[in-house]
Amino acid sequence: MSKDEHREGIKGMANPTRYGIERVAYWLMRLSGLGLLAYFVGHIYETSNILRGQVGWNEFLELTQTTEGHLVLAIVIAMCVFHTVNGIRVMLGHGGIGVGKPARPDYPYEPASQNYRHKIGIYSAILLAAIAMMYGLAVMFGE
Amino acid sequence: MVDSLEFDLIICGSGLAGLRAAIAAAKKGPHLKIGIVSKVQVMRSHSVSAEGGTAAVLFEDEGDTIESHVYDTVKGSDFLADQDVAERLCVEMPQEIRQLDHWGMPWSRRDDGRIDQRNFGGYSFPRATYASDKVGFFEMQTLYDTCQKFENIEYLNEWFVTSIIHDGKRFMGVTAIELGSGTFYTIKGKALIIATGGAGRLYSFSTYALSSTPDGLDMGLRAGMALKDMEFVQFHPTGILPSGILITEGARGEGGYLLNNKGERFMKTYAAGKMELAPRDIVSRSIMTEIQEGRGFKHETGVDCMKLDLRHLGDEKIKEKLGGIREISIKFSGQDPAQDLLDIRPVCHYMMGGLHTDIDGATEIQGVWAAGEAACNSVHGSNRLGANSTSECIVWGKITGELAIDYIQKNESSNPWPHHLVAAEEKRIYDGIFRGNGDVNPYEIRQQLTDTMNEKAYVYKNETNLVEGLKKIRELKQQTWKHVDDKAKEYNTNFANVMELDSMFRVAEIVLLGAINRKESRGAHARTDFPKRDDANFLHHTLAYYDPNGPIMKTHPVTITKYQPVERKY
Amino acid sequence: MRESTIMKIHYGTALAAVALVAVHILMRLTQGFAESLEYENVLANYKFIPYAAMLELILILLSVHGFNGLRVILLELKQGRIYEKAVSYGCLAAMIGLIAYGSRTIIMTNMGMV
Amino acid sequence: MAQVSSISNEQTSPTSKLITLRISRFNPEHDESSGFMEFSVSYEKWTTVLEAILDVKKHHDHSVGVRYSCRQATCGSCGMIINGKPRLACFTKISELNSDVVTVEPMNNFPIIRDLAVKFEKLFDTHQKIKPYLIRDDTEIESNEKEFLQSPEEVEQYIQFANCIKCGLCNSACPTMATDSSFVGPQALAQAYRYVADSRDKGKDSRLKIIDDSHGIWRCHFAGSCSQVCPKGVDPAMGIQLLRGYMLGFRS
Ligand SMILES: Cc1cc2nc3c(=O)[nH]c(=O)nc-3n(C[C@H](O)[C@H](O)[C@H](O)COP(=O)(O)OP(=O)(O)OC[C@H]3O[C@@H](n4cnc5c(N)ncnc54)[C@H](O)[C@@H]3O)c2cc1C
Ligand code: HEM
Ligand code: SF4
Ligand code: F3S
Ligand code: FES
């Protein structure tokens with residue numbers, strides 16, 4: 001990216017402030033997507049330890065079944081729930097569902113696509129993610 | 001060596017007229033190179049601000065006739081219009097409306113799917129074709145977007161044209177500055193269409209875009225063409241305070257009232273037959289008379305004004321048909337037309353005058369046409385009816401575009417390129433202006449000039465004021481404002497602004513001189529010292545030619561075909 | 001491949017994954033979390049062919065989805081013909097690699113090669 | 001007869017207040033990097049940011065580079081970043097910013113020409129690329145005997161998108177635009193939808209093909225920032241999702 005294009009760059013792309021909850025959702029979606037991918041790769045590696053037999057598996061389990069490991073897992077749960085719920089919302093949106101109907105705009109213009117349905121979708125994705133994370137923490141630390 | 005470009009056809013100005021010409025030309029001469037040169041980015045031209053409508057006869061099945069459109073136009077012009085020209089406008093227009101429709105224009109529709117029309121001032125049939133209240137904007141969009149189809153059109157965005165180069169008889173090219181880089185260019189061409197629009201920024205209280213300055217007109221003037229009928233400046237009755245942004249005549253077309261401080265619809269005193277929908281010159285004068293007789297209001301800026309009442313139209317109708325002015329009044333004036341009365345006042349809105357052309361839009365130089373508001377083919381005479389101007393732009397855009405192509409295909413120019421003229425022009429703008437010296441702020445001079453025009457040549461004029469105005473402007477001209485403090489080449493709007501100011505002096509002088517000479521009242525030209533129309537002495541057009549010692553004024557006959565002048569009553 | 005086809009796959013894999021991942025996680029929860037991770041239980045799961053098949057499916061779906069997601073992000077970050085080619089093929093290779101690696105685990109475990 | 005005099009911008013009334021206007025200055029040909037210049041300007045409740053900038057240009061520093069024309073939010077010239085967000089200078093009143101400092105910068109994601117003026121070539125090019133005109137049989141388009149009938153409801157389907165003034169604010173706000181120099185952008189995508197949704201048009205397939213590209217419509221993630229900054233209520237985000245609905249087979 002050449003400097004004289006005056007693009008906002010990654011900082012601008014990744015800055016979730018300024019533009020309301022939809023932009024926050026965009027940002028969380030990216031982050032959770034990448035996070036999940038990272039976890040997923042790790043997870044595949046983790047499970048491959050089963051090939052090393054009971055000893056190897058347990059060795060590895062010990063590594064992950066720590067407080068830090070549980071915290072990471074809790075975050076993964078949250079990311080997964082958010083990414084899934086918001087993913088469904090985004091897919092509906094991308095299909096043109098729930099984004100409002102075209103109509104003559106009246107001043108002051110309030111974009112119909114930034115509507116309460118999608119906002120509720122985003123908030124519930126965040127909420128569900130939080131609940132799931134709590135639940136996960138409870139399960140993991142409860143024992 | 002001066003950098004150089006070459007086109008077959010150069011179109012200077014990218015408003016409605018310029019773009020319509022470009023399409024007509026591109027279709028007719030698919031192998032010719034067409035360049036649209038504009039000092040603003042092509043689609044930013046002033047035409048986007050046109051709001052209310054475009055006049056055309058569409059409903060002959062419901063009783064409208066071309067004949068009636070012609071007569072309304074001629075009567076509206078106070079019989080100064082060339083009647084053959086007016087007829088041409090009205091005959092050509094209906095098909096242009098449909099052509100725009102076929103190009104994607106989002107005309108407002110009737111329930112049966114046909115294109116709708118609304119009422120407008122001075123017409124005997126509702127024939128202003130509209131698209132909400134953003135007619136000019138949508139027309140510009142339609143034309144701009146249609147231009148995108150043609151590969152032989154090139155856009156020179158933000159190129160300031162400074163002069164026309166010709167060999168005394170025939171057109172050869174123009175000189176221009178590419179604002180982005182600051183490079184001075186010659187653009188060679190076989191034909192030119194001037195579509196540089198009106199010059200309403202001669203007045204400080206104006207509906208025009210800030211870019212509507214007289215440099216286009218001045219360019220023609222300096223090249224030896226005449227400016228015609230410049231004394232006729234239209235004041236639109238309803239410019240909203242404090243900005244002067246237009247509240248379209250469509251607001252009254254949809255049923256809005258004008259009220260004085262007694263709460264009366266005062267138009268009943270002045271034009272009982274048409275009330276608020278009398279032609280603009282009459283409504284503007286009525287407002288000023290009311291104000292002068294003490295029945296006006298004071299705006300919080302201290303300026304006198306009148307009220308426009310749209311409340312009875314209801315929120316829904318306002319949103320549907322007048323969404324643009326609703327936005328404007330809420331945003332810029334804090335008044336919601338559904339609840340508040342709007343503060344309005346007559347405002348400089350249109351120039352009937354312009355570069356002298358014949359019925360085909362041809363100027364006095366071979367290979368140069370003029371179209372749109374920059375041209376004066378005398379279709380509007382001394383007062384334009386609302387909605388007739390966008391029509392004019394479209395019709396003569398098309399006519400000149402096609403004629404220019406015919407001309408290019410028939411003529412091969414072979415005269416040697418006049419380098420000395422280019423050198424002289426370079427000297428004029430770089431030595432005379434860019435490297436000029438002085439300590440007077442040109443922007444303050446511009447403010448004073450435009451304020452003077454507002455004060456001395458407003459709705460009502462008289463000898464004393466006009467002469468004072470002329471004197472003041474000549475004084476201002478003598479001051480040392482000819483300098484550009486911004487020394488950079490790139491995007492030097494300071495330079496452009498000072499060149500604009502330079503052109504304002506020449507054109508303002510012609511407006512005032514024309515007004516002083518015309519000792520009668522006709523259409524938009526209202527003299528308190530000569531309140532009557534005087535056909536015996538003044539049924540003629542005014543021409544002004546450039547001369548270094550001040551303009552040379554001449555007259556030109558009016559073409560009258562069917563309609564003998566009678567008293568104009570509504 | 002047309003971008004629309006790729007993105008349809010992206011959405012399709014996401015949708016299919018919703019159901020499958022749900023089952024996968026529910027399994028962890030029905031048994032009790034720690035218990036579910038015990039070697040015998042895990043091994044038993046792997047040996048249960050329908051479950052192993054489901055794991056394989058999840059593996060493929062999420063690898064495709066995830067690495068295409070990565071491709072999208074990388075494409076948006078920087079442009080250029082060579083870079084874009086590298087990103088596309090790189091993601092494809094990573095995707096195939098991960099699927100191969102994961103499949104190895106599943107198949108070998110399933111066949112009792114532990 | 002006395003004429004009522006003009007309204008001059010320079011009038012200072014007792015109601016006028018002062019703000020600090022910070023203008024970003026940069027001439028890429030001469031300067032290494034951009035910097036700010038500060039001016040103190042007075043304003044009334046209706047004063048727009050554009051008026052304040054022009055006031056500076058007239059009275060303090062003639063060399064401020066700024067693009068403007070209509071001053072009524074219809075020409076799309078004056079987009080810039082005002083206090084951190086892309087807005088039209090002529091459509092932003094100082095009084096509504098609720099701040100003693102007004103900072104103006106050139107729009108992001110457009111190359112700077114000078115100070116506040118940016119290059120639009122890219123936007124114009126992408127706009128042209130999506131075929132922004134009615135596509136149907138040429139003889140039908142060029143005949144001007146009869147209008148194409150279109151009901152008010154059919155107009156309603158696209159009129160919102162036809163309000164676009166090509167100001168570029170949406171392209172400046174969009175997160176994809178922030179890093180992707182090849183992305184078509186919300187402006188052009190909304191225009192693609194404008195013509196697709198027009199009942200007179202028959203060019204849907206060819207337009208869909210153009211935007212079905214690795215830097216086409218799919219690079220929109222429904223972040224919605226475009227719609228939030230659009231000064232004309234165009235709602236590009238909606239148009240883009242509806243357009244994508246066609247491509248995903250949700251609509252036909
Ligand atoms: C607020 C408003 C509302 C209106 N509403 C209506 C209406 O409802 N109906 C109606 O019929 N009429 C209306 N009019 C009148 C009508 O809009 C104008 O007459 C018409 O738009 C003029 O168009 P044009 O093509 O001649 O020029 P413009 O649109 O004014 O364009 C002039 C072009 O010339 C270019 N130019 C100028 N000088 C130079 C130079 N030196 N070098 C390079 N380029 C140059 C400019 O960049 C611009 O592109 C309205 C006018 C105003 C002010
Ligand atoms: C199971 C439910 C899931 C659903 C419904 C889902 C849905 C989606 C959707 C719709 C997108 C596109 C977002 C956009 O274009 O704006 C997306 C992007 C992405 N997904 Fe998923 N996804 C799921 C699981 C996963 C998992 C498990 C991973 C990790 C392997 C993942 C990784 C990604 C990545 C990296 C992106 C790109 C991020 C972006 O473009 O914003 N997804 N997902
Ligand atoms: S969609 Fe809105 S923000 Fe984008 S260019 Fe058009 S008017 Fe401006
Ligand atoms: S901000 Fe950009 S990501 Fe899409 S919804 Fe608008 S184009
Ligand atoms: S000056 Fe035209 S949009 Fe602001």
Side-chain angles (χ1 to χ4, degrees), chain B residues 40-41 43-44 46 48-49 95-96 98-99 101-104 106 108-109 111 113-115 134 137-138 141 145-146 148-149 180 204-205 209-211 241-245 291-292 301 303-304 328 331-334 441 443-444 447 451 454-455 458 460 462 465 485-486 488 490-491 493-494 528, chain D residues 1 3-8 10-11 13 27 29-30 45-46 57-59 62-63 65-66 68-77 91 93 113-114 117 119-120 124 127-128 131-134 140-152 155 158-159 162-163 165-166 195 198 200-201:
Chain B
V40 299
Q41 289 170 332
M43 81 299 291
R44 318 267 187 233
H46 159 73
V48 291
S49 304
Q95 66 196 42
E96 287 299 314
R98 293 189 285 266
Q99 180 65 80
D101 167 52
H102 291 188
W103 284 337
S108 290
R109 302 284 172 158
D111 287 336
R114 288 181 73 183
I115 297 170
K134 300 181 170 183
F137 171 72
F138 285 129
Q141 176 180 72
D145 281 1
T146 303
Q148 306 301 314
K149 279 206 274 201
S204 53
F205 192 56
L210 298 168
S211 55
L241 292 174
S243 57
I245 296 174
I291 288 177
Q292 277 151 9
T301 47
V303 181
D304 295 287
I328 286 166
K331 183 77 177 193
F332 293 101
S333 305
N441 182 346
Y443 293 93
E444 268 156 27
Q447 187 68 46
D451 283 347
N454 249 36
E455 263 165 55
Y458 193 48
Y460 281 116
N462 63 39
N465 273 336
D485 291 355
D486 181 2
E490 299 77 19
Y491 210 76
T493 40
N494 184 198
T528 48
Chain D
M1 205 178 310
Q3 297 275 330
V4 200
S5 84
S6 69
I7 299 166
S8 132
E10 279 76 46
Q11 273 176 354
S13 71
N27 182 344
E29 293 294 316
H30 300 285
K45 64 173 189 265
W46 51 73
K57 189 172 173 63
K58 284 175 191 161
H59 302 298
H62 300 333
S63 68
V66 54
Y68 57 90
S69 178
C70 71
R71 63 84 167 80
Q72 59 178 65
T74 37
C75 76
S77 292
F91 204 54
K93 284 182 291 190
I113 303 178
R114 183 165 170 196
K119 291 202 176 96
F120 267 78
F124 299 155
H127 178 74
Q128 176 167 38
K131 304 198 172 176
Y133 34 81
L134 288 193
E140 278 178 322
I141 288 192
E142 297 309 331
S143 89
N144 45 28
E145 290 305 310
K146 266 211 140 30
E147 71 242 53
F148 298 149
L149 293 181
Q150 190 168 54
S151 68
V155 174
Y158 69 88
I159 190 76
N163 279 321
I165 57 174
K166 302 185 186 73
Y195 282 98
D198 192 321
R200 295 167 292 185
D201 180 78

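Sequence lines set the chain letters: A, B, ... in the order given, protein chains first and strands last, and positions in each chain run from 1.
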| Does the cation-pi check pass for D:Lys57 over B:Tyr443, that is, NZ or CZ under 6.0 Å from the six-membered ring centre and within 45° of its axis? | no
Distance-only, no hydrogens or angles: does the [X] side chain make a donor-acceptor pair with backbone N or O of [Y] under 3.5 Å?
{"X": "B:Gln99", "Y": "D:Ile141", "answer": "yes"}
{"X": "B:Gln148", "Y": "D:Gln128", "answer": "no"}
{"X": "B:Asn441", "Y": "D:Lys58", "answer": "yes"}
{"X": "D:Arg200", "Y": "B:His102", "answer": "no"}

[options]: which one forms the most heavy-atom pairs within less than 4.5 Å of chain B?
{"options": "D:Lys131, D:Lys45, D:Lys119", "result": "D:Lys45"}
{"options": "D:Ala162, D:Ser143, D:Ala117, D:Ala73", "result": "D:Ala162"}
{"options": "D:Tyr68, D:Tyr158, D:Phe124", "result": "D:Phe124"}
{"options": "D:Cys70, D:Ser69, D:Gly76", "result": "D:Ser69"}

| Engaged part of B:Phe332 at the chain D interface, taking heavy atoms whose separation is under 4.5 Å |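 Looking at B:Phe332, backbone and side chain both touch chain D.
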So what's closer than 4.5 Å to chain B heavy atoms on [X]: side chain, backbone, both or neither?
{"X": "D:Tyr195", "result": "side chain"}
{"X": "D:Asn163", "result": "both"}
{"X": "D:Glu145", "result": "backbone"}

Rounded to the nearest 0.5 Å, what separates atom [atom1] in [X] from atom [atom2] in [Y]?
{"X": "B:Ile115", "Y": "D:Glu147", "atom1": "CD1", "atom2": "CD", "result": "4.5 Å"}
{"X": "D:Arg114", "Y": "B:Glu490", "atom1": "CZ", "atom2": "CD", "result": "7.0 Å"}
{"X": "B:Arg44", "Y": "D:Ser77", "atom1": "CZ", "atom2": "OG", "result": "5.0 Å"}
{"X": "B:Tyr491", "Y": "D:Asn27", "atom1": "OH", "atom2": "CG", "result": "13.0 Å"}
{"X": "D:Gln72", "Y": "B:Ser243", "atom1": "CD", "atom2": "OG", "result": "8.0 Å"}

Counting heavy-atom pairs closer than 4.5 Å to chain D, which one of [options] comes out on top?
{"options": "B:Val48, B:Thr146, B:Ile245, B:Asp111", "value": "B:Ile245"}
{"options": "B:Gly104, B:Ser108, B:Ser211", "value": "B:Gly104"}
{"options": "B:Gln41, B:Arg114, B:Gln141, B:Gln95", "value": "B:Gln41"}
{"options": "B:Glu96, B:Lys134, B:His46", "value": "B:Lys134"}

Heavy-atom side-chain proximity of [X] to [Y] below 4.5 angstrom:
{"X": "D:His127", "Y": "B:Asp145", "result": "yes"}
{"X": "D:Ile165", "Y": "B:Met43", "result": "no"}
{"X": "B:Lys331", "Y": "D:Trp46", "result": "no"}

Give the minimum heavy-atom separation between [X] and [Y], together with the two atoms involved.
{"X": "B:Asp101", "Y": "D:Leu134", "value": "O-CD1, 4.0 Å"}
{"X": "D:Val66", "Y": "B:Thr493", "value": "O-CG2, 4.1 Å"}
{"X": "D:Ile113", "Y": "B:Gly180", "value": "CG2-O, 4.1 Å"}

| said: Applying side chain to side chain contact (heavy atoms under 4.5 Å, CB included), can you list everything that pairs with B:Asp485, at least two apart in sequence or on another chain? | reply: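 Applying side chain to side chain contact (heavy atoms under 4.5 Å, CB included) to B:Asp485 gives B:His483, B:Asn494, D:His62.
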